[in-house]
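This report refers to the structure that appears directly beneath it.
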Amino acid sequence: MISIYKPSDFHVHLREGEILNQALKENIAYFQKILVMPNLKKPITNSKRLISYRNQIESINKNKIKIFFTIYLNSEWSTKEIVNCYKNKLFFAAKLYPKNATTNSKTGFSDIKDLTKYFYILEKHNIPLCLHGESISYQDDPFDREKKFLEKELSWLRKHFPNLKITLEHITTKDAVDYVKENKNISASITTHHLLENTNSFLGDSLKPELFCKPIIKNRNHQISLQKIALSGHKNFFFGSDSAPHYKKLKFNNECCAGVYSTKYSISNIIEFFSLNKKTKNLNKFLSLNGNTHYGLDFLKKEISFKKIKNYKFQKLSKCGDDFLCHYNHFKDYWSKI
Ligand code: NCD
Ligand code: ZN
């Protein structure tokens with residue numbers, strides 16, 4: 001048996017409608033706190049959409065868990081509106097997407113410098129900035145996008161806004177691990193699938209659409225550096241699942257949407273991974289302490305316990321509306337809540 005504080009997930013996609021219903025229920029079962037991403041079909045680029053999305057979510061949640069919201073930072077916002085919404089505690093962090101980097105990012109930035117006036121506001125009011133850290137250039141290899149982002153956009157941002165609190169989201173490379181270790185005011189979130197998969201499992205034998213996500217899963221060397229830093233409990237690295245449900249017909253199609261839906265088995269997978277590596281003493285750091293400390297948040301020291309079930313029959317698909325969602329799982333054994 002293993003007992004841990006009820007975890008926090010600092011990067012989830014809940015979507016809307018039927019998917020929201022299902023994804024939120026799964027989050028309520030495992031997390032005491034989640035940070036919800038703003039990349040809806042119509043992204044959260046004004047207070048009206050923010051309030052409406054909050055209401056949709058809170059009417060299902062009914063205060064069962066703590067839900068923190070993000071806004072989709074682009075030039076549709078006025079700086080005044082951002083400050084007002086923040087002061088009224090309508091959102092917790094701003095999220096920045098490069099144009100066309102991922103799902104629903106058409107209205108992301110082309111040149112980060114165009115958003116300078118917003119970074120002043122974020123820095124001044126201590127509003128955290130969450131980054132989708134990929135530089136998009138069709139001259140470069142997609143596997144190099146994260147590294148390029150560190151060299152280009154992130155270095156610029158840190159040089160001009162050294163006091164801005166930054167989260168580099170869903171990191172995938174040794175370069176990102178090193179960058180975060182060497183710099184101040186920056187932490188990184190790590191997903192379950194980037195910890196447990198690499199290019200061999202993703203496309204070595206056959207191509208696995210269910211593992212296609214942004215940033216793309218990297219090779220074994222990068223995976224090892226993510227694994228080492230997560231297992232070490234280093235204070236600047238914490239869990240953010242980036243659980244991103246897509247309907248099956250959109251994942252298994254001519255074109256495959258980017259996103260891995262991991263919520264249902266994430267905590268089981270993370271426990272098994274720390275347990276196999278004899279590092280369960282650092283589970284609370286990775287799943288609770290580090291993220292909450294980075295964001296300056298309190299958390300409930302309420303424990304939940306898990307027991308291991310060998311050779312569990314994992315549910316691969318669940319019905320959602322007239323389609324299905326595909327659940328991500330890695331290990332054969334299951335850590336079940338008791
Ligand atoms: C996410 C999604 O589907 O919303 N997809 C993904 O591959 N991770 C967006 C994101 O965080 O990149
Ligand atoms: Zn995401």
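- Residues Y295 and T167 bring a donor and an acceptor atom of their side chains to less than 3.5 Å of each other.
- Contact record, C326 with Y261: O-CB, 3.4 Å, taken as the closest heavy-atom pair.
- Residues E169 and C130 come closest through the heavy atom pair OE2-CB, 3.0 Å.
- For the atom pair CD1 of I65 and CG of D9, the computed distance is 9.5 Å after rounding to the nearest 0.5 Å.
- In this structure, a donor-acceptor pair under 3.5 Å is absent between the side chains of H330 and T192.
- Across every non-hydrogen atom of I217 and C213, the tightest pair is CG1-SG, 4.1 Å.
- Contact of the I267 side chain with the F306 side chain is registered, since non-hydrogen atoms from C-beta on lie closer than 4.5 Å.
- E26 and T263 share no donor-acceptor pair across their side chains, judged by distance under 3.5 Å alone.
- Of the N and O atoms on the side chains of E58 and N61, at least one donor lies less than 3.5 Å from an acceptor on the other residue.
- Using a 4.5 Å cut-off on side-chain heavy atoms (C-beta onward), I309 and D333 make no contact.
- For Y86 and F91, the gap between ring centers is short of 6.0 Å.
- Looking only at atom types and distance, the side chain of T172 has a donor-acceptor partner in the side chain of K218 under 3.5 Å away.
- Shown here is K279, whose NZ atom has no more than 12 heavy atoms of other residues, nucleotides or ligands within 6.0 Å.
- Remark: K319 NZ is packed, more than 12 non-hydrogen atoms of other residues, nucleotides or ligands lying under 6.0 Å away.
- Contact check for W77 versus I121: no side-chain heavy atoms found under the 4.5 Å cut-off.
- Follow the hydrophobic side-chain contacts under 4.5 Å out from I270 and you reach I190 in the same cluster.
- A side-chain contact (heavy atoms from CB on, under 4.5 Å) with I166 is found for one member of N185, L96, L154 and no other, namely L154.
- There is no side-chain donor-acceptor pair under 3.5 Å between H132 and T102.
- For E272, the salt bridge (charged side-chain N to carboxylate O under 4.0 Å, His left out) criterion is met by K308, not counting sequence neighbours.
- Taking CG of L24 as the reference point, atom CZ of R15 lies at 14.0 Å (rounded to 0.5 Å).
- Residues L40 and F92 do not share a hydrophobic cluster, clusters being chains of Ile/Leu/Val/Met/Phe/Trp/Tyr side chains in contact below 4.5 Å.
- Across K264, H193, E210, E197, a single residue satisfies side-chain hydrogen bond (donor to acceptor under 3.5 Å, both in side chains) together with Y328, and that is E197.
- Linking Ile, Leu, Val, Met, Phe, Trp and Tyr residues whenever their side-chain heavy atoms come within less than 4.5 Å leaves Y5 and L35 in two separate clusters.
- Side-chain contact between N219 and F143: absent, with no pair of heavy atoms (C-beta onward) separated by less than 4.5 Å.
- Within a 6.0 Å radius of NZ in K165, other residues, nucleotides and ligands contribute more than 12 heavy atoms.
- The hydrophobic clustering, which links ILVMFWY residues whose side-chain heavy atoms are closer than 4.5 Å, places Y53 and L50 together.
- Residues N292 and S8 have side chains that bring a donor and an acceptor to within less than 3.5 angstrom of each other.
- Between the side chains of D242 and H13, at least one donor-acceptor pair of N or O atoms lies under 3.5 Å.
- Between E18 and Y247, the side chains place a donor N or O and an acceptor N or O closer than 3.5 Å (distance only, hydrogens not considered).
- With sequence neighbours left out, D175 forms a side chain to side chain donor-acceptor pair (under 3.5 Å) with no residue at all.
- In the displayed structure, K174 atom NZ is contacted under 6.0 Å by at most 12 heavy atoms of other residues, nucleotides or ligands.
- Around the CG atom of D205, the shell of radius 6.0 Å holds no more than 12 heavy atoms that belong to other residues, nucleotides or ligands.
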What verdict does the ring-ring contact (aromatic ring centres under 6.0 Å, His included) test give for H294 and F238, after you've listed the backbone C-alpha separation in whole Å, the side-chain angles of each residue and the deciding distance to 0.1 Å? CA-CA 9 Å; H294 168 67; F238 56 85; 5.5 Å; yes

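- Cluster annotation: I44 is connected to I67 through the hydrophobic network of ILVMFWY side chains, with a link wherever side-chain heavy atoms come within less than 4.5 Å.
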